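The structure appears right after this line, and notes come after that.
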Amino acid sequence: EVQLVESGGGLVQAGGSLRLSCAASGFTFDDYAIGWFRQAPGKEREGISCIRRSGRSTLYVDSVKGRFTISRDNAKKTSYLQMSNLEPEDTAVYYCAASAWCAVSSTAYAYWGQGTQVTVSS
């Protein structure tokens, strides 16, 4: 049974911070890169960050670079997305996903969580 479960979403004011968690089970967590994606209503799913298997290499899309930090704790089989200085444009459903390697395309990711809603008010 493969599972990725996101948590930590909610309502925050603009300028605030939120930390999302992605808890994995049912597969060898440290064999996979972990990506974070988001999807706002009426928009396509957007890849925003990825962390490689060891955690030594991270990638960010320009819109979140400097504000979001991805991390992982392989012993806990969990990835985290620390979001700071949030903006209303960050409002979306956030997903974590697992892939053999970091990739831009969502099609490279074999396993997906159900998503957690993040709403940023102005």
Side-chain angles (χ1 to χ4, degrees):
E1 183 184 15
V2 172
Q3 283 194 306
L4 291 169
V5 180
E6 301 94 337
S7 62
L11 302 173
V12 295
Q13 294 182 341
S17 298
L18 205 62
R19 189 178 78 157
L20 306 183
S21 297
C22 173
S25 61
F27 65 99
T28 306
F29 182 74
D30 59 3
D31 282 346
Y32 289 82
I34 300 297
W36 283 90
F37 296 76
R38 66 186 182 186
Q39 187 167 23
K43 297 183 179 179
E44 294 187 17
R45 184 170 295 180
E46 174 192 24
I48 57 172
S49 187
C50 190
I51 185 166
R52 293 191 166 120
R53 290 176 292 176
S54 68
R56 293 192 297 269
S57 179
T58 58
L59 302 169
Y60 301 92
V61 69
D62 286 345
S63 61
V64 308
K65 191 175 298 181
R67 299 188 300 120
F68 291 10
T69 301
I70 190 171
S71 62
R72 68 190 294 162
D73 185 338
N74 285 346
K76 295 181 178 180
K77 297 183 178 181
T78 302
S79 176
Y80 305 95
L81 186 68
Q82 177 67 50
M83 306 184 294
S84 299
N85 195 24
L86 285 161
E87 304 168 349
E89 292 76 17
D90 296 317
T91 296
V93 177
Y94 284 71
Y95 301 88
C96 65
S99 174
W101 55 84
C102 281
V104 175
S105 174
S106 62
T107 61
Y109 293 82
Y111 308 135
W112 289 83
Q114 294 298 112
T116 185
Q117 176 72 47
V118 173
T119 303
V120 184
S121 63
S122 60

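None of the values given here were measured: they were computed from a predicted structure. Quick note: numbers below take in every heavy atom, side chains included, and nothing from hydrogens, waters or symmetry partners.
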Show every disulfide (SG to SG under 2.5 Å) that has at least one partner inside residues 63-94, sequence neighbours left out.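 Pairs touching residues 63-94 that pass the test: none.
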
Disulfide (SG to SG under 2.5 Å) pairs, two or more places apart, involving residues 46-78: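 Residue pairs passing disulfide (SG to SG under 2.5 Å), neighbours aside: C50-C102.
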
Validation: residues 1-16 side-chain donor-acceptor distances under 3.5 Å, sequence neighbours left out:
residue : atom : partner : partner atom : Å
E6      : OE1  : Q114    : N            : 3.0
E6      : OE1  : G115    : N            : 2.9
E6      : OE2  : C96     : N            : 2.9
E6      : OE2  : G115    : N            : 3.3

For the side chain of [X] and the backbone of [Y], is there at least one donor-acceptor N/O pair under 3.5 Å apart?
X   : Y    : result
Y95 : G35  : no
S99 : A108 : yes
S57 : R52  : no

Determine whether the side chains of R72 and S79 contain a donor N or O and an acceptor N or O closer than 3.5 Å.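 There is no such pair (donor and acceptor under 3.5 Å, judged by atom type) between the side chains of R72 and S79.
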
Using the test side-chain contact (heavy atoms from CB on, under 4.5 Å), find all partners of [X] that sit at least two apart in sequence or belong to another chain.
X    : value
T78  : S21, A23, K76, Y80
A100 : none
A110 : none

Could you work out, with side chain to side chain donor-acceptor pair (under 3.5 Å) as the rule, every residue matching [X], not counting sequence neighbours?
X    : value
R19  : none
T119 : Q117
R45  : none
T107 : S105

Quick check: do Y111 and Y32 have side-chain heavy atoms less than 4.5 Å from each other?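 Sidechains of Y32 and Y111: in contact.
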
Mind checking whether Y94 and M83 have side chains closer than 4.5 Å, heavy atoms only?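 They are in side-chain contact.
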
Would you say the ring centroid of F68 lies under 6.0 angstrom from that of Y60?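 That pair fails the under 6.0 Å test.
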
Starting from the C-alpha separation in whole Å, work towards a yes-or-no answer on side-chain contact (heavy atoms from CB on, under 4.5 Å) for V93 and T116. CA-CA 5 Å; V93 177; T116 185; over 6 Å; no

Non-neighbouring partners of W112 that pass ring-ring contact (aromatic ring centres under 6.0 Å, His included), sequence neighbours left out: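 Scan of W112 (ring-ring contact (aromatic ring centres under 6.0 Å, His included), adjacent residues dropped) gives F37.
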
Can you run down the salt bridge (Lys or Arg N to Asp or Glu O under 4.0 Å) pairs that involve residues 29-38, sequence neighbours left out, and say none if there aren't any?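 Every pair satisfying salt bridge (Lys or Arg N to Asp or Glu O under 4.0 Å) with a residue in residues 29-38: R38-E46, R38-D90.
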
So is R53 actually on top of F29's ring, under 6.0 Å and inside 45° of the axis?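 That pair does not qualify as a cation-pi contact.
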
Should I51 and V61 be counted in the same cluster of Ile, Leu, Val, Met, Phe, Trp and Tyr side chains packed under 4.5 Å apart?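 Yes, it is one cluster - the side chains of I51 and V61 are joined through contacts under 4.5 Å.
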
Exercise: identify the closest heavy-atom pair between A103 and Y109: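 Here A103 and Y109 meet closest at O-OH, 3.0 Å.
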
